[in-house]
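Take a look at the structure set out below.
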Amino acid sequence: MQKMGFTLCSSSELSYPSLESLKNAKANPVASKSFTRAGGYIKKHYFLSSYSDARKLVISSHLVPGHLEGSFMGKKRQMEPRKKLEFVRTLLIDNYDSYTYNIYQELSVINGVPPVVVRNDELTWKDIYRLLYEDGAFDNIVISPGPGSPTCPADIGVCRQLLLECWDIPILGVCLGHQALGYAHDAQIIHASEPIHGRLSEIEHNGCNLFANIPSGRNSRFKVVRYHSLVIDAESLPKDLIPIAWTASDDTLSFLETQKFDAIPDAYESERQKANFDSFSAKNGSYWGHVNGTKSRKVVMGIRHATWPHYGVQFHPESVATTYGRQIFKNFREITKDYWLQTSSSFSSDRNIHYTASMQVPHATGLFGAVHRQSVKKADFRVNGEACSSGQFMRGANQRNLGFFDMVNILPPSLGAKFLRLKWRKFGHLASEVGGARNIFTELFGKNKAENTFWLDSSSTEKGRARFSFMGGKGGDLWKQLTFRLSEESDTAGERGVHLLIEDNKGFTCSKILEEGFFEYLNKELLSLYHEEKDYEGLPFDFYGGFIGYIGYNLKVECGAASNAHKSTTPDACFFFADNLVVIDHHTNDVYVLSLQEGNTTKTQWLDDTEKKLVSLKGSATRQLHERISKPVANSPREAGFLSEKSQKQYVSDVEKCLEYIKDGESYELCLTTQFRKFIGEVDPLRLYLHLREKNPAPYASWLNFSKENLCICSSSPERFLRLDRNGILEAKPIKGTIARGTTPEKDERLKLQLQYSEKDQAENLMIVDLLRNDLGRVCEPGTVHVPHLMEVESYATVHTMVSTIRGKKQPNVSAVDCVKAAFPGGSMTGAPKLRSMELLDSIESCSRGIYSGSIGFFSYNQTFDLNIVIRTVVIHENEATIGAGGAIVALSDPEKEYEEMVLKTRAPANAVMEF
């Protein structure tokens, strides 16, 4: 391919020869490397682009032999005035990353229409070519971050070919996409001097269009989040690739350090800073600067192609902590609009402005108003071996990426639908008068070893962390227990099959195999329940009856994970359908009793009986736990008599393996775990739980007793996984960062501040916040995902923890179960990118996590839910107590300290068991 000459302008962009000089240059314009046969003739695309601020001329012609008066070159279209695109349609290539949907959310808001997300191996190059060049379905392409290296074809899929063939379409590569742009043009990919994950750098740039209206340099407020272990070797950059941004210094910053700098006056002047090339010596594309008189290597943070509209940034503009990230995406939008404005009007007017959006999202037509819908050719595609039209492909794009196809599956009444009615009573300020939640539970549900009972226990309600507790036992006519076990075959994602055992309130059981899997079964069950909203008007909480239980970690295979390396000894999920329950409002001390029944009925027996029991309760405390101080406190689970799956030496070795994976770019963060076990024989598990909640109260604590399975769960979890309230608001509250409490107030405050300002813990937390933003972004309305609380320290009985809160507004066409599938397992227990990290962890860990790392909570019949993360939990199964624990491994991790933190997290549950 012949390249045309160019000269550097003051803006560091390019100028091009005039149109007049090119009129007769028919044989040698800048041409695509490939010729594609379409409709019986060879179609060639000729483009040569410039950039908007220089307002230089751009050449664009479609030479179609024998068809110059046809669809591309008609005189009427040539006469049409050029118009900027009203909306920009983006093809977003997902490199199996956990931040792609953060980019999706940003582009949805900025472009005016959501992008279409396609994984890098989902379509062939031929299929993508049809979408881009025959259907004209997209205006630009964004290539996501991802694990691995662009030198590995499996890690980038079709991206390399896109970067080489689509020279006439604007492309922006982020992180791995940036590296892929460099690698596609023969730049070398090397290890960075150190892996940088969840840390920030100040950035200098040369003022090109991608960085329009963004300051540059040190103390400029332009600070970006980096997640990478590999970089483009600046000295290997070819002439075709121009560096446009680089680190301002060798230093990296934690998030809180950037907040400190932002408190000073903005150093950014009214005009953009221009790159000061005199301060650099350039040799073979590498740049060096001088900081405090010391020679300092400046890592390339952005590149662009010299003649094509292709850009790359090594950092993550979509991160919650990156400043001016949205401006970068806006600038790319404007680059795209200017590019198509400056191409021939005949081509740009033919681009299907309505096609992409209307095929993807139900409400897209409203976004486009009266834009005319043009007819499109329905090309045939094959997705996962099945043929579909291009229209069908576009409609299913997001659902395929979510891992399910029928996001809303309302069942007609003929398919087992039930119409439920709720009756309830309120007893004002009763809880404190009858001894509180503990007394209510033990007196109402603690008899007969508390068999088949549940208690979602907000035992720590300070600072508004939690407000309601829900409790109950084997109930009325609608009560049933569901026990799920993945079959051997379904331990691989491609194989479906769940063994389901159903027991009704009379003790009858039936079993079946669910080919569609557990989540789809649960979804259909919930969607088959009809109700009237007026039944729960006046109730201040969101659970009115429905499924209550746990989801085990191995159900990750129904949420995108490739396989399970280890089979769980406990069921993979257990749920009661709770039709009778008691609710305690810890803010007001009000007690509510609820009874759920099918159809219109006048039955009130359970309500009457429960009211009598509540009123008759005395305010005295229940029996005391005499054993609670009979033994000294253990500092480790081993001292409490537990046997570890791995020795300290083995665990430290596993941390080092994780660090190697991180160094090679396979993951940003790996949440490594292990298990501790102890045979305890016949004990009273409820008394064990009551002691645990007394010693280590937590806002998302829980008790579950599935007596038929000889399974009790005693959890003192401080972490919410995900909640969906009646207003459609999703909330996640991940914990990343833990430190022990101090023995004196002074030491305690010092340790709290140590956690707050730890660069490592802030990096851990930021990575998981961005991951949860991504997971919520898959099911939330564009522009609604936000972080009201970032890296706040919460204090509990034995530890301080760093907690963040992420919220978003659920899309109306998404069910409660869909939301959980989009985010399960909780990112704080996997690491990021989630899918690759789970795969790596399966290869390192030696046993199944079982219930640990999963979630406990409820799915209400009215499509609300609240689920915790199963941590700080004792699982008692077949007379053996198990405790899981672990921690996030990041580039800054110290293997010995990671072991110490893991042991710290076992202390409260291990001591509770030891004292029994």
Side-chain angles (χ1 to χ4, degrees), residues 485-486 491 550 552-557 561 563-572 634-661 667 669-681 688 710-717 738 825-826 828-831 837-854 869-889 893-914:
R485 282 186 171 85
L486 287 164
D491 280 341
Y550 74 83
Y553 178 74
N554 274 6
L555 280 172
K556 70 183 192 290
V557 294
S563 63
N564 285 316
H566 314 288
K567 190 166 182 63
S568 175
T569 57
T570 54
D572 293 292
N635 291 315
S636 72
R638 187 171 290 106
E639 290 180 22
F642 281 82
L643 298 176
S644 174
E645 285 288 333
K646 292 193 173 181
S647 66
Q648 179 175 351
K649 181 179 180 181
Q650 290 171 319
Y651 191 84
V652 167
S653 175
D654 287 347
V655 173
E656 290 168 347
K657 287 180 186 176
C658 292
L659 290 172
E660 283 298 312
Y661 284 127
S667 178
E669 176 174 346
L670 288 163
C671 297
L672 180 68
T673 74
T674 189
Q675 300 271 325
F676 297 87
R677 305 180 188 280
K678 179 179 181 178
F679 181 78
I680 58 174
L688 168 60
N710 196 9
L711 173 64
C712 291
I713 303 170
C714 308
S715 177
S716 58
S717 173
T738 302
S828 62
M829 302 306 297
T830 63
S837 295
M838 289 192 293
E839 181 182 341
L840 296 173
L841 291 166
D842 261 6
S843 72
I844 297 171
E845 296 176 2
S846 58
C847 64
S848 171
R849 297 187 184 185
I851 299 168
Y852 171 68
S853 297
I869 295 285
V870 181
I871 55 176
R872 320 289 198 271
T873 297
V874 181
V875 175
I876 303 172
H877 184 225
E878 296 179 350
N879 299 326
E880 181 182 63
T882 305
I883 299 171
I889 312 304
S893 289
D894 177 287
E896 293 292 342
K897 289 183 178 178
E898 289 296 340
Y899 178 79
E900 292 170 7
E901 180 181 325
M902 180 273 293
V903 170
L904 168 65
K905 293 171 181 175
T906 68
R907 193 169 295 167
N911 276 316
V913 174
M914 182 185 73

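None of the values given here were measured: they were computed from a predicted structure.
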Next on the checklist: Under a 4.0 Å threshold between the charged nitrogen and the carboxylate oxygen, would E901 count as salt-bridged to K897?
Outcome noted: no
Checklist outcome for this item: The complete set of salt bridge (Lys or Arg N to Asp or Glu O under 4.0 Å) pairs with one or both residues in residues 669-679, sequence neighbours excluded, reads E645-R677, R677-E880
Next on the checklist: Walk me through whether V874 and I713 qualify under side-chain contact (heavy atoms from CB on, under 4.5 Å).
Outcome noted: CA-CA 6 Å; V874 181; I713 303 170; over 6 Å; no
Checklist entry - If you look at every heavy atom in T906 and A885, which pair is closest and at what distance? => result CG2-CB, 3.3 Å
Checklist entry - Looking only at heavy atoms, which two atoms of H566 and E845 are closest? And how far apart? => result NE2-O, 2.7 Å
Next on the checklist: Any non-hydrogen side-chain atom of R849 less than 4.5 Å from a side-chain atom of T674?
Outcome noted: no
Next on the checklist: If I take atom OH from residue Y553 and atom CE from residue M829, how far apart are they, to the nearest 0.5 angstrom?
Outcome noted: 8.5 Å
Next on the checklist: Quick check for you: to the nearest 0.5 Å, what is the distance between I869 atom CD1 and Y852 atom OH?
Outcome noted: 10.0 Å
Next on the checklist: Please evaluate residues F642 and Q675 with respect to the criterion side-chain contact (heavy atoms from CB on, under 4.5 Å), reporting the C-alpha separation (whole Å), side-chain torsions for both, the decisive distance (0.1 Å), and the verdict.
Outcome noted: CA-CA 10 Å; F642 281 82; Q675 300 271 325; over 6 Å; no
Checklist entry - Checking S568 side chain against T570 main chain: does a donor-acceptor pair fall under 3.5 Å? => result yes
Checklist entry - When you check the gap from the basic side-chain N to the acidic O, do K556 and D842 get nearer than 4.0 Å? => result yes
Checklist entry - If you take all heavy atoms of G831 and C671, which pair is closest and at what distance? => result N-SG, 3.5 Å
Item to check | Residue pair S667, S837: steps toward the side chain to side chain donor-acceptor pair (under 3.5 Å) verdict | outcome: CA-CA 6 Å; S667 178; S837 295; 2.9 Å; yes
Checklist entry - Which atoms form the tightest heavy-atom contact between T738 and R872, and what is the distance? => result OG1-NH2, 3.8 Å
Checklist entry - Y661 and L670: which non-hydrogen atoms are nearest, and at how many Å? => result CB-CD1, 4.1 Å
Checklist entry - Counting only N and O atoms by type, is there a donor-acceptor contact under 3.5 Å from the side chain of S647 to the main-chain atoms of Q650? => result yes
Checklist outcome for this item: Shortest non-hydrogen pair, K567 vs S848, comes out as O-CB, 3.5 Å
Item to check | Test log, rule side-chain contact (heavy atoms from CB on, under 4.5 Å), inputs V870 and Y550 | outcome: CA-CA 9 Å; V870 181; Y550 74 83; 5.6 Å; no
Checklist entry - Judged by atom type as modelled, is there a donor-acceptor pair below 3.5 Å linking the side chain of S893 to the main-chain atoms of P895? => result no
Item to check | Separation between CD1 of I851 and OG of S715, rounded to the nearest 0.5 Å | outcome: 10.5 Å
Checklist entry - How far does OG1 of T882 sit from CG of L643, to the nearest 0.5 angstrom? => result 11.0 Å
Checklist outcome for this item: The reported gap from CD in E898 to CG in L672 (rounded to nearest 0.5 angstrom) is 8.5 Å
Item to check | Side-chain donor or acceptor of N564 paired with backbone N/O of N554 under 3.5 Å | outcome: yes
Item to check | Close side-chain approach of M838 and P825, heavy atoms under 4.5 Å | outcome: yes
Item to check | Pairwise side-chain contact, L711 with V875, heavy-atom cut-off 4.5 Å (strictly under) | outcome: yes
Checklist outcome for this item: Rounding to 0.5 Å, atoms OG1 (T873) and CD1 (I883) come to a distance of 9.0 Å
